[in-house]
Amino acid sequence: MNLYSLKQISHQIDGKLIFSDVSEVINSGEIIEIRGKNGSGKTTLLKIITGLVNSKDIDSSHETLDQISYLGHKNGFIEEITLRQNFEILGIQVENSLFKKFNLSELKNQKIFNLSYGEKRKAALIRIISSRKNIWIMDEPFAGLDGKSIKELKDIINSHVEKGGTAIIANHQDEIVESKKIILRLEE
Amino acid sequence: MNKALQRELKLFFLIPKNIYLPISVFGIIFVIFLVLDLDNSLNYASSFIASFITIFIISENSFKDDHINGYLEQRLCEGGISDLISYLMAKWITNLFFVFAPIAAISLIFQGHEISIKLFGIYVIMLSTLYFFFNLGSAISLKRNNSLNALLIIPLLIPFIILVKGIFVDGQFEPNFWFLFAYFIFASSFIFYTILEVLKIQSR
């Protein structure tokens, strides 16, 4: 199923051309990995895909908005309350096995400001994984994660895509090894 | 809407400052006026000023945390503008029951008015209108981390203050209430819509 059609998208910020002529068709059951150096517009392109930044050069089906689970540079958690309470206020049920997989089982009752950067990032990824939505849009999801967590996350993303889901990822780290993958390079 | 309301209600009770901040700010300012022993004609002014400053202070941080932690960006990306409408409505409903209603009750008791549903309703409408205006100021100043923009909103409130005085001090319900109600409709539609657009721009 066709989710998005990017038709020669270009973007400028304060008169500076960030990227130009980006074209791609994004279907369900694919991983789209957006790669590029710092400032090449990876985050901006993700925001265009979600509709946060307007562009007339993108077509998307109406059903896509309800199916998006988005993780930007920030995690979206309230710092003064615990990890468990954060999931409760969002009304998200998280399987214990997922907390175990990311070594967060014993941190559920910790306030967010007591967690490290990597732990907060893993918790935010758990929100995406538990969202039961088909389109995962993630900005640098591997940043700050240890080797084991990176492997777990890659496995989870691959499994999500095998089940018909879609992952659109801005990524700086090693490429995700997966057959149904499209790499979108924003550079030079 | 249900999810947004559930989040706001739970957050209100999970973070203690949400409970004690509005009531203590209102209480402190009100007590200062009582200690100053102002005569009865100023009872309205003292409760109005206390309410005004309280709504100003609680509105100042309405969106700050959710902007800093990326929650607003998430909402806009996952649910678009309709999610943001639910988010703003949920915030207003939570404040309506747990901040505006208690302040209205306390104010009317100390002003020596009879506690009538009519006056209580007018007071809550008055506080809600203030809330929408100051939220616009808060949304505008989101990235600047100061309250100057909220202060810029105050001139817009001058006609509103005249109407409120007409109702509570002069006791002229008609036609002041209907103008006040029109002001509330303006705040809850046009100002509400402007807040949405400003938040969308700020979250990019």
Side-chain angles (χ1 to χ4, degrees), chain A residues 11 13-14 43-55 60 62-93 111-113 115 120-121 123-124 127-128 131-140 168, chain B residues 1-21 58 61-91 93-95 98 139 142-143 145 196-204:
Chain A
H11 193 76
I13 296 177
D14 290 338
T43 300
T44 306
L45 185 57
L46 286 184
K47 287 181 177 176
I48 289 174
I49 292 171
T50 60
L52 187 59
V53 173
N54 296 329
S55 172
S60 60
H62 285 297
E63 300 84 53
T64 51
L65 191 60
D66 289 340
Q67 285 307 314
I68 293 175
S69 196
Y70 173 85
L71 175 63
H73 283 297
K74 300 166 189 168
N75 300 316
F77 289 128
I78 305 286
E79 296 272 327
E80 298 105 308
I81 58 175
T82 66
L83 186 54
R84 185 176 52 78
Q85 287 167 334
N86 264 288
F87 282 110
E88 275 174 14
I89 64 165
L90 293 171
I92 294 176
Q93 300 281 336
K111 290 191 173 163
I112 297 291
F113 58 64
L115 304 183
K120 288 179 192 174
R121 202 64 183 157
R127 184 188 72 82
I128 301 284
S131 65
R132 297 193 173 90
K133 293 193 176 174
N134 284 333
I135 307 169
W136 294 355
I137 300 181
M138 297 180 279
D139 199 351
E140 304 286 358
I168 305 172
Chain B
M1 181 64 192
N2 278 347
K3 269 196 168 182
L5 191 56
Q6 181 186 324
R7 176 183 186 269
E8 290 305 321
L9 286 172
K10 283 184 178 169
L11 260 185
F12 188 85
F13 291 105
L14 279 172
I15 301 177
K17 82 168 181 209
N18 290 336
I19 303 167
Y20 69 73
L21 183 75
I58 63 165
N61 288 327
S62 282
F63 313 114
K64 196 174 151 200
D65 289 347
D66 288 337
H67 174 70
I68 290 171
N69 68 30
Y71 181 76
L72 279 175
E73 185 184 326
Q74 265 175 24
R75 289 280 44 83
L76 278 162
C77 290
E78 293 182 359
I81 209 83
S82 63
D83 251 31
L84 204 58
I85 292 172
S86 304
Y87 166 81
L88 282 179
M89 288 291 288
K91 270 194 179 300
I93 293 169
T94 307
N95 279 300
F98 300 107
L142 209 48
K143 283 184 177 170
N145 201 24
L196 289 176
E197 289 301 316
V198 171
L199 286 179
K200 196 175 172 191
I201 291 165
Q202 301 279 39
S203 301
R204 279 176 193 163

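By convention in this document, chain letters (A, B, ...) are assigned in the order of the sequence lines, proteins followed by strands, and residues within each chain are numbered from 1.
In this structure the side chain of B:D65 reaches within 4.5 angstrom of the side chain of A:E80, judged on heavy atoms.
For A:F77 and B:Y71, the gap between ring centers reaches or exceeds 6.0 Å.
For A:K133, the NZ atom sits in a packed shell: over 12 heavy atoms of surrounding residues, nucleotides or ligands are nearer than 6.0 Å.
Residues A:H73 and A:T43 have side chains that bring a donor and an acceptor to within less than 3.5 angstrom of each other.
Scanning residues 78-89 of chain B against chain A with a 4.5 Å heavy-atom cutoff picks out B:E78, B:G79, B:G80, ordered by number.
For A:D14, the side chain to side chain contact (heavy atoms under 4.5 Å, CB included) test picks out no residue, with sequence neighbours left out. Scored by the side chain to side chain contact (heavy atoms under 4.5 Å, CB included) test, B:N18 finds B:F12, B:I15 as partners (sequence neighbours excluded). With sequence neighbours excluded, the residues satisfying side chain to side chain contact (heavy atoms under 4.5 Å, CB included) with A:S60 are A:Y4, A:T64.
If you measure heavy-atom distances from A:L90 to chain B, the contacts under 4.5 Å come from both the backbone and the side chain. No part of B:L72 comes within reach of chain A, as not one of its non-hydrogen atoms sits under 4.5 angstrom from that chain.
Comparing A:I78, A:V53, A:D66 by heavy-atom pairs within less than 4.5 Å of chain B, the highest count is held by A:I78.
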